[in-house]
Structure formats: structure tokens, C-alpha cells
Amino acid sequence: MMANTILMLMENSLNDMKLILFIAFLCIGCETNSKLSSNEITSLESSVIANGDVRSYHKLIRHFDDSSEYYQLLPYSIHMAINHKNADAYYQIYRDLIRVKNKGRYDMRLIKNLDNNSQKFALGSLIQGAKLNDRDCQDVLAEHYKNGWGIVQSSAKADSIIATYR
């Protein structure tokens, strides 16, 4: 009886140990994948500016988006939007402008904290991205029209935007 209890405890401990090791390796793997060295960041930034490389731009988005240095992505987003008509970049401009004026917080309702020129630029970015069929831009722009956040409220325009991608 005692041997069976010891075996059962060892088996449970082994399963617990396997689970702990699995979680530890998973966390270590996530941590190493999300961190970029300064050389890697510089290389990605150069690739975005020199070639408009979308893959490098997306890596920069992933790197800076959860960082306290999120604002460093803005010049690359502007470059990708203006020079390469990258739809994702228009949404990122909008998002980062709101974050810059709201201590890193993003919520579309916080557009009210932007000055008039910044609001126009942010909403203009959404409009450009929506014209390029970016779903994020379309959804968020429709919400702005629906609720009148930084723009004249118009349910008809909100419905029209939504209807374009259904």
C-alpha cells in the first residue's frame, strides 16, 4: 500500500514537473522571440526606409507596439504610408498618434485629447487606409462616424463604410 502511494506521488510529481518545464520553455521561447537587438532593429529600420520592406515593417510593429518606446514606430509608419501606400501603416499612424497624446494608452475615444490638426491627421490616415480596403481602418472609421468621435456624427456614413466590405 505504501509503495503504491509513493509511486502515485512520484507519478503526479513527474507530471507536474513536465508541466512546469513545458511552461518554462514556452515562456523562454516567447521572450527570446519578442526581443530584438539594437543591430536587428537598425537593420529592420534600414530595410523599411531603403526598400519599403513590409516584412521588416511588421517586425518593427510587433517590437515597438508593446514597448514603452511605441512612438519610435511613427516615422516608419508615415514613410510606409506615404511612399509605399501600405494600408497597415495608415492604421498604425492613427493608433500611435492617439497613444502619444495619451501616455501610451490607446482607445479610439481618446482621440478627443488630440489637438484639431492631430485629429484631422489621425482621421485622414484612417480614411486613406479605408480607401485601400484596410479592415481595421474601415472598422474604426465607421465607429468614429457612428459615435461622432473627432468627426461629425453620421450613421449613414458609418453604415456605408461597413457595407463596402460585407
Side-chain angles (χ1 to χ4, degrees), residues 26-27 29-166:
L26 185 65
C27 290
C30 291
E31 186 67 26
T32 56
N33 287 338
S34 65
K35 301 290 181 190
L36 296 172
S37 71
S38 60
N39 287 342
E40 289 171 311
I41 294 168
T42 301
S43 175
L44 292 171
E45 291 169 340
S46 296
S47 186
V48 167
I49 295 299
N51 308 318
D53 184 50
V54 175
R55 188 169 179 222
S56 294
Y57 176 63
H58 283 189
K59 285 182 180 181
L60 287 174
I61 290 174
R62 284 191 301 276
H63 173 75
F64 285 120
D65 211 33
D66 294 328
S67 161
S68 62
E69 298 174 337
Y70 58 87
Y71 54 85
Q72 290 189 23
L73 183 62
L74 196 51
Y76 301 101
S77 296
I78 292 170
H79 173 80
M80 290 297 288
I82 292 171
N83 296 319
H84 303 285
K85 303 295 182 228
N86 182 282
D88 294 331
Y90 287 106
Y91 177 70
Q92 199 64 42
I93 291 168
Y94 158 83
R95 205 168 173 277
D96 286 344
L97 284 172
I98 290 176
R99 288 179 76 185
V100 164
K101 292 291 187 173
N102 291 284
K103 298 179 182 168
R105 285 189 52 229
Y106 167 74
D107 182 315
M108 64 181 85
R109 294 172 292 193
L110 294 176
I111 197 165
K112 68 180 184 238
N113 295 339
L114 275 65
D115 60 70
N116 284 340
N117 287 333
S118 296
Q119 279 186 20
K120 287 178 186 177
F121 189 72
L123 292 168
S125 294
L126 282 182
I127 291 167
Q128 290 304 312
K131 287 179 183 177
L132 293 172
N133 297 315
D134 182 79
R135 188 73 176 262
D136 290 326
C137 287
Q138 292 168 333
D139 287 340
V140 173
L141 185 59
E143 282 298 312
H144 278 279
Y145 275 116
K146 179 180 169 187
N147 295 292
W149 297 326
I151 203 165
V152 176
Q153 186 174 5
S154 172
S155 294
K157 282 190 179 184
D159 294 341
S160 172
I161 292 166
I162 292 169
T164 62
Y165 62 81
R166 281 197 180 153

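As a basis for the values below, the full set of heavy atoms in this structure was taken, side chains included, without hydrogen atoms, waters or symmetry mates.
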Worksheet entry | K85 side chain reached by Q128 side chain, heavy atoms, under 4.5 Å | no

Worksheet item: Roughly how far apart are K103 NZ and N113 CG, rounded to 0.5 Å?
Response: 10.0 Å

Worksheet item: L97 versus L74: any side-chain heavy-atom pair under 4.5 Å?
Response: yes

Worksheet item: Residues in salt bridge (charged side-chain N to carboxylate O under 4.0 Å, His left out) with D159, at least two apart?
Response: none

Response to the item:
residues 63-78 vs salt bridge (charged side-chain N to carboxylate O under 4.0 Å, His left out), sequence neighbours excluded, gives D65-R95, D65-R99

Discussion item. Contact between Y71 and D96 at the side-chain level, heavy atoms closer than 4.5 Å - yes or no?
Written reply: no

Item to complete: Rounded to the nearest 0.5 Å, what's the gap from CD on Q92 to CD1 on I78? Could you check?
Response: 11.5 Å

Worksheet item: Judged by atom type as modelled, is there a donor-acceptor pair below 3.5 Å linking the side chain of D107 to the main-chain atoms of R109?
Response: yes

Worksheet item: Does D53 pair with R55 as a salt bridge, N-O distance under 4.0 Å?
Response: no

Worksheet item: To the nearest 0.5 Å, what is the distance between NE2 (H144) and CG (L123)?
Response: 5.5 Å

Worksheet entry | Verdict with supporting geometry, H63 and Y70, ring pair (Phe, Tyr, Trp, His ring centres under 6.0 Å) | CA-CA 8 Å; H63 173 75; Y70 58 87; over 10 Å; no

Practice prompt. Check for a donor-acceptor pair, side chain of Q153 on one end and backbone N or O of K146 on the other, with a separation under 3.5 Å.
Written response: yes

Worksheet item: To the nearest 0.5 Å, what is the distance between CD1 (I151) and NZ (K120)?
Response: 11.5 Å

Discussion item. Ignoring hydrogens, what is the shortest heavy-atom contact between T164 and I161? Give both atom names and the distance.
Written reply: OG1-O, 2.5 Å

Worksheet entry | S125: side-chain hydrogen bond (donor to acceptor under 3.5 Å, both in side chains) partners, not counting sequence neighbours | none

Worksheet item: So which heavy atom on G52 is nearest to which on M80, and how close?
Response: O-CE, 3.3 Å

Response to the item:
Tightest non-hydrogen contact, residues A81 and A89, listed as N-CB, 3.7 Å

Item to complete: Measure across H84 and V48 and return the closest heavy-atom pair with its distance rounded to 0.1 Å.
Response: NE2-O, 4.4 Å

Discussion item. Test side-chain contact (heavy atoms from CB on, under 4.5 Å) on I41 and F64; report intermediate values, then the result.
Written reply: CA-CA 10 Å; I41 294 168; F64 285 120; 4.1 Å; yes

Practice prompt. Give a yes or no on whether the backbone of W149 and the side-chain of N147 come within a donor-acceptor separation of less than 3.5 Å.
Written response: no

Worksheet item: Side-chain contact, heavy-atom cut-off 4.5 Å: I127 with K131?
Response: yes

Discussion item. A side-chain contact here means heavy atoms from C-beta on lying under 4.5 Å apart; do I162 and Q138 qualify?
Written reply: no

Worksheet entry | Side chain to side chain, L141 and C137, heavy atoms closer than 4.5 Å | no

Discussion item. I need the minimum non-hydrogen distance between D115 and K101, along with the two atoms involved.
Written reply: OD2-NZ, 3.9 Å

Worksheet, complete the sentence: dist S77:OG -> L60:CG (nearest 0.5 Å) comes out at 9.0 Å

Worksheet, complete the sentence: Closest non-hydrogen atoms of V140 and L126, given as atom of the first, atom of the second and distance, are CG1-CD1, 3.6 Å

Worksheet item: Just by modelled atom types, is the T42 backbone N or O under 3.5 Å from a matching donor or acceptor in the S46 side chain?
Response: yes

Worksheet item: Donor-acceptor pair, Y57 side chain versus Y76 backbone, under 3.5 Å?
Response: no

Discussion item. Any side-chain to backbone donor/acceptor pair from Q119 onto I111? Under 3.5 Å, distance only.
Written reply: yes

Response to the item:
Between the CD1 atom in I61 and the OH atom in Y91, the distance rounded to the nearest 0.5 Å is 10.5 Å

Worksheet item: Is the backbone of A130 close enough, under 3.5 Å, to the side chain of D134 for a donor and an acceptor to pair up by distance?
Response: no

